[in-house]
Amino acid sequence: MKQFTTTLRSQVDQATEAMTVARQVGHDYEVHLHGARIRDLLDVAARHGIDTTGWVDRTMLDDARLGA
């Protein structure tokens with residue numbers, strides 16, 4: 001399970017970085033896509049009982065929704 005958790009965390013970190021870059025250059029749709037990817041990964045983690053507290057700033061995810 002540790003490898004699974006490590007892989008999920010790595011993917012969340014990569015998507016978070018990509019979302020940050022997209023936000024910096026003003027690509028709103030990409031921000032939305034990366035935010036959706038992060039939410040999907042966090043859902044997978046939750047289904048497997050993995051505590052993701054502190055992995056992502058949840059307000060950043062709320063801002064990543066289309067039309068927000």
Side-chain angles (χ1 to χ4, degrees):
M1 184 66 101
K2 183 176 180 178
Q3 180 67 33
F4 182 69
T5 302
T6 301
T7 300
L8 273 177
R9 177 66 191 257
S10 176
Q11 290 179 4
V12 168
D13 290 345
Q14 290 170 6
T16 301
E17 178 62 27
M19 186 170 66
T20 299
V21 170
R23 180 173 281 126
Q24 290 171 344
V25 297
H27 293 169
D28 294 337
Y29 187 66
E30 286 186 28
V31 170
H32 164 73
L33 292 177
H34 294 301
R37 175 69 175 146
I38 294 166
R39 285 187 290 278
D40 287 345
L41 291 166
L42 294 177
D43 286 345
V44 169
R47 283 194 305 267
H48 290 276
I50 298 169
D51 180 14
T52 60
T53 303
W55 284 19
V56 177
D57 178 357
R58 300 297 175 147
T59 59
M60 179 179 70
L61 285 180
D62 291 342
D63 292 344
R65 296 187 188 276
L66 278 180

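Computed from a prediction, not measured in an experiment: that's the story for all the values here. Numbering starts at 1 and runs along the sequence shown. Scope of the values below: all heavy atoms of this structure, side chains included, with no hydrogens, waters or symmetry mates.
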Which donor-acceptor pairs under 3.5 Å do the side chains of residues 35-46 make with protein atoms, sequence neighbours left out?
unit_1 : atom_1 : unit_2 : atom_2 : d
Arg37  : NH2    : Gln11  : OE1    : 3.2
Arg39  : NH1    : Leu61  : O      : 3.1

With a 3.5 Å cut-off and sequence neighbours excluded, list the donor-acceptor pairs that the side chains of residues 14-27 form with protein atoms.
unit_1 : atom_1 : unit_2 : atom_2 : d
Gln14  : NE2    : Ser10  : OG     : 3.4
Thr16  : OG1    : Val12  : O      : 2.8
Thr20  : OG1    : Thr16  : O      : 3.0

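Salt bridge status for Arg9 with Asp13: present, with a side-chain N to carboxylate O gap under 4.0 Å.
Partners of Leu33 according to the side-chain contact (heavy atoms from CB on, under 4.5 Å) rule, which considers only residues two or more places apart in sequence or in another chain, are Tyr29.
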